[in-house]
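Report on the structure given below.
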Amino acid sequence: MRVTIRLFARLRELARRDELTREVGGAATVADVWGALAREFPALEPYTRSVSAAVNDDYSPMTRALANGDDVAFLPPVSGGRR
Amino acid sequence: MRVTIRLFARLRELARRDELTREVGGAATVADVWGALAREFPALEPYTRSVSAAVNDDYSPMTRALANGDDVAFLPPVSGGRR
Amino acid sequence: MSSSRFAVTSDRLSLEPLIGLVSAPGDAAPGRPGAVATFLGLVRERNLGRRVLRLEYEAHERLAVRAFERIDAEVRARWPTVRLALHHRVGRLEIGEASVAIAAGSPHRAEAFAACRYTIERVKQIAPIWKHEYFEGGDVWIEGATADPDDEQARQEALGRSCA
Amino acid sequence: MSSSRFAVTSDRLSLEPLIGLVSAPGDAAPGRPGAVATFLGLVRERNLGRRVLRLEYEAHERLAVRAFERIDAEVRARWPTVRLALHHRVGRLEIGEASVAIAAGSPHRAEAFAACRYTIERVKQIAPIWKHEYFEGGDVWIEGATADPDDEQARQEALGRSCA
């Protein structure tokens, strides 16, 4: 199946693209898609511990199983100022 | 000596005037002026416990001794909403 | 609309000029603020179960401006980086109109929020301003507590509510 | 300027329309508000000792609007009388311009202040919006914590700061 991957902010800059489409296995989770992406763009690897994801414009856990045609967005940490 | 007395809000309505001039004794305090006023306008008497005063546009204790020409304002309780 | 930071006016209130007054560069505060908290008090159509028709506010205007300046000094003593502006309306106000507008600017938001809340609490406690409510079936002066700027317990209560 | 209560926009922000949106009569909230608390976040000229030249904000716009609506639901669950509006700007911002504008209207001021403060804390925690700072000598993406709307500890922290 195919999913659309969208990247934002520094992730977008590191991968030098804001959107890509990839073929993934039928039981692929969000984490699987991220793993493949980080292998394709090693500069993204350091974000593995801090990245968030959204599927079809809703926040999603990394464990979510994807469906064909899903839109998966990867989000770097937000500014979240503490004061 | 003479002082100018100014009344606000409900005090003004009860006395039916916003400003008056009165002759007071040389050692008169703000409280003395209020006492004489409450005798002249008995409707003001219930405010004796809750009235505030200002002299020459500054808040003043009731014990303050007045000088000739002072402007004495009497102020009913403020709205002071508790929420 | 007054261009002073502290004013009593019969004009309609607007926040924009107050925000400008607390976020102007180059004044005493250390640089431009990163946060502005504001408060607007609006005339409600119901009060204590009565249908309100309009309000009339009356002030001892010069004393009120001095009370505002006193509150400003209290705010600066507690939150030195905060710059404050405060306008109170007098005269006849219709439902939905603003009776008081406050803006507090600060480098960081915690101080801006705290100072803004503290200010409205202190205004209610010590500003010599009275509200005459005209409701369906009558009218009444709204009177609460004796105004005493030196009442330290009241001041601590205002500080407590500001979540400082 | 969007006429929605929740929006991401590249237009300059203004509080007046937000105040209108939270104080309009006849909507779900019980009557007109007596209190409106607002917050404006402004671009500061200094950050961490650097002289800032400008900022660029980037958002996942549809997700951001959903995050705002989620914050609104959290606010209504906690403060049922509060009506909220929230606009966030994206694109290039100059020093002194507003990046975020929030208005919270309520019958009484305690709820309006608390909801307004809670909202900005939650925006910082979970809105998918990133700040790219261009300063004298370089540029940097400002990244803080992982955005997780289900992080209950973060939510409690926001609640604590709102002084509820």
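Below, read A as the first sequence line, B as the second, and so on, with proteins coming before strands; counting in each chain starts at 1.
Interface remark: of the candidates A/S50, A/A54, A/P61, A/S50 forms the most heavy-atom pairs closer than 4.5 Å to chain D. Between chain A and the options D/D148, D/T146, D/D150, the largest number of non-hydrogen pairs under 4.5 Å is found for D/T146.
Both the backbone and the side chain of D/H60 come within contact range of chain A, judged by heavy atoms closer than 4.5 Å. Contacts between D/A127 and chain A at a heavy-atom distance below 4.5 Å involve the backbone alone (N, CA, C, O). Contact of D/A59 with chain A is made through the backbone alone, with heavy-atom distances under 4.5 Å. Heavy atoms closer than 4.5 Å to chain A are found in both the backbone and the side chain of D/I142. Both the backbone and the side chain of D/P128 come within contact range of chain A, each with at least one heavy atom under 4.5 Å from a heavy atom of that chain.
Of the candidates D/Y57, D/W130, D/W141, A/F8 forms a ring pair (Phe, Tyr, Trp, His ring centres under 6.0 Å) with just one, namely D/W130.
If you check the side chains of D/Q156 and D/E152, you find a donor sitting under 3.5 Å from an acceptor.
Residues A/L7 and A/L37 form a side-chain contact, since some pair of their non-hydrogen atoms from C-beta on lies under 4.5 Å apart.
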Step by step, would you call D/F135 with D/V140 a side chain to side chain contact (heavy atoms under 4.5 Å, CB included)? CA-CA 8 Å; D/F135 57 90; D/V140 63; 3.8 Å; yes
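In terms of heavy-atom proximity, A/S52 sits nearest to A/Y59 at CB-CE2, 4.4 Å. Between D/R122 and D/A158, the shortest heavy-atom distance links the atoms CD-CB, 3.8 Å.
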